[in-house]
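Here's the structure we're looking at; comments come further down.
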Amino acid sequence: MTRVWKWNRPVTVREVLEDLQQERSIAYTTVMTVLDNLHQKGWVRREAEGRAYRYEAVSTRAAYSAALMNDAWTQSDNPAAALVAFFGMMSPQQREALRDAVRIVQGPETPAAQNTAAQNPAAQNTAAENPVAQNTAAENPPAENPAAAEGAAGG
């Protein structure tokens, strides 16, 4: 999938094979089998071109990653704790990217919305009871911390 996503266009088994062979020895039939399996799983679509197929990703790498994260989150017995733990593992750059993503999804914030998150006692209790949340809150004030804002909003 990495090769298909990287090129962002329909690819043949031969193209993927030649690219992979720059790194390691691999058989044509192995690449063909993997692409066929990806097609059967619905990750790629294919169109016949002569005696070969051209394979194209069904979704983007970002959409696939988002679906994996969503699946993991929804399977947790405590989704809020899973999110707090996940946010606690993030680097400062990843937390900034998360803040940017939340801003994009939520749209422009109004002053009333900012005040609500800062004044919500549930957000304060979560940080007081959970050391990971305390660390995250200490590193990022509540108005700037999407993890605290999401936890305070209950979602």
Side-chain angles (χ1 to χ4, degrees), residues 1-11 13 15-16 19-20 22-24 26 30-47 54-155:
M1 281 307 301
T2 300
R3 297 313 198 269
V4 176
W5 282 322
K6 179 176 86 171
W7 292 325
N8 197 27
R9 63 171 174 77
V11 297
V13 171
E15 289 173 315
V16 175
D19 192 50
L20 287 170
Q22 293 177 17
E23 298 171 14
R24 63 181 179 194
I26 190 168
T30 301
V31 176
M32 183 175 63
T33 300
V34 169
L35 284 169
D36 185 59
N37 289 341
L38 291 170
H39 176 257
Q40 289 178 23
K41 291 179 180 183
W43 291 22
V44 296
R45 64 178 144 258
R46 68 183 181 193
E47 269 192 46
R54 284 206 172 266
Y55 294 87
E56 184 175 17
V58 170
S59 68
T60 64
R61 185 178 208 143
Y64 172 72
S65 297
L68 281 178
M69 289 187 288
N70 187 57
D71 285 346
W73 180 58
T74 57
Q75 291 178 22
S76 172
D77 60 345
N78 187 341
L83 283 175
V84 169
F86 179 67
F87 296 150
M89 292 181 217
M90 291 179 151
S91 69
Q93 295 82 7
Q94 290 170 320
R95 284 193 298 271
E96 185 59 34
L98 177 63
R99 282 186 207 94
D100 292 342
V102 169
R103 281 187 210 110
I104 290 167
V105 170
Q106 289 180 338
E109 283 194 37
T110 62
Q114 292 171 345
N115 291 337
T116 302
Q119 295 171 355
N120 188 329
Q124 294 168 358
N125 291 341
T126 301
E129 297 166 2
N130 187 322
V132 175
Q134 285 177 337
N135 291 342
T136 305
E139 295 168 8
N140 302 299
E144 298 175 13
N145 184 351
E150 289 295 313

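Positions are given from 1 along the sequence.
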Subject >> Ala57: side chain to side chain contact (heavy atoms under 4.5 Å, CB included) partners, not counting sequence neighbours >> reply: Met1, Val4, Trp5
Side-chain atoms of residues 60-69: list all donor-acceptor pairs with protein atoms under 3.5 Å, sequence neighbours left out, distances to 0.1 Å.
residue : atom : partner : partner atom : Å
Thr60   : OG1  : Ala63   : N            : 3.0
Ser65   : OG   : Arg61   : O            : 3.1

**OP:** Please confirm whether the backbone N or O of Ser91 pairs with a side-chain atom of Gln94, one donor and one acceptor, at under 3.5 Å?
**Re:** yes
**OP:** For Gln75, check side chain to side chain donor-acceptor pair (under 3.5 Å) against everything at least two apart and list the hits.
**Re:** none
Original post:
Taking only residues two or more places apart in sequence or in another chain, which ones pass salt bridge (Lys or Arg N to Asp or Glu O under 4.0 Å) with Glu47?
Top reply: none
Subject >> salt bridge (charged side-chain N to carboxylate O under 4.0 Å, His left out): pairs with one or both residues in residues 80-94, sequence neighbours excluded >> reply: none
Subject >> Polar side-chain atom of Thr30 near backbone of Ile26 as donor-acceptor pair, under 3.5 Å >> reply: no
**OP:** Could you list all the salt bridge (charged side-chain N to carboxylate O under 4.0 Å, His left out) pairs where at least one residue sits in residues 62-82, not counting sequence neighbours?
**Re:** none
Subject >> Which residues share a side chain to side chain donor-acceptor pair (under 3.5 Å) with Glu96, sequence neighbours left out >> reply: Arg99
Original post:
Backbone N or O of Leu38 within a donor-acceptor pair of the Trp43 side chain at under 3.5 Å?
Top reply: no
Original post:
For the atom pair CZ (Phe86) and CG (Leu98), what is the distance rounded to the nearest 0.5 Å?
Top reply: 8.0 Å
**OP:** Could you grab the distance from atom CG of Leu83 to atom CG of Asn78, nearest 0.5 Å is fine?
**Re:** 9.5 Å
Original post:
Is there a side-chain contact between Tyr55 and Arg45 (heavy atoms, below 4.5 Å)?
Top reply: no
Subject >> Set of salt bridge (Lys or Arg N to Asp or Glu O under 4.0 Å) partners for Arg9, sequence neighbours left out >> reply: Glu15
Original post:
With Asp36, which residues qualify under salt bridge (Lys or Arg N to Asp or Glu O under 4.0 Å), at least two apart?
Top reply: Arg46
Subject >> By side chain to side chain contact (heavy atoms under 4.5 Å, CB included) - contacts of Arg3 (at least two apart) >> reply: Lys6, Trp7, Val16, Asp19, Leu20, Glu23
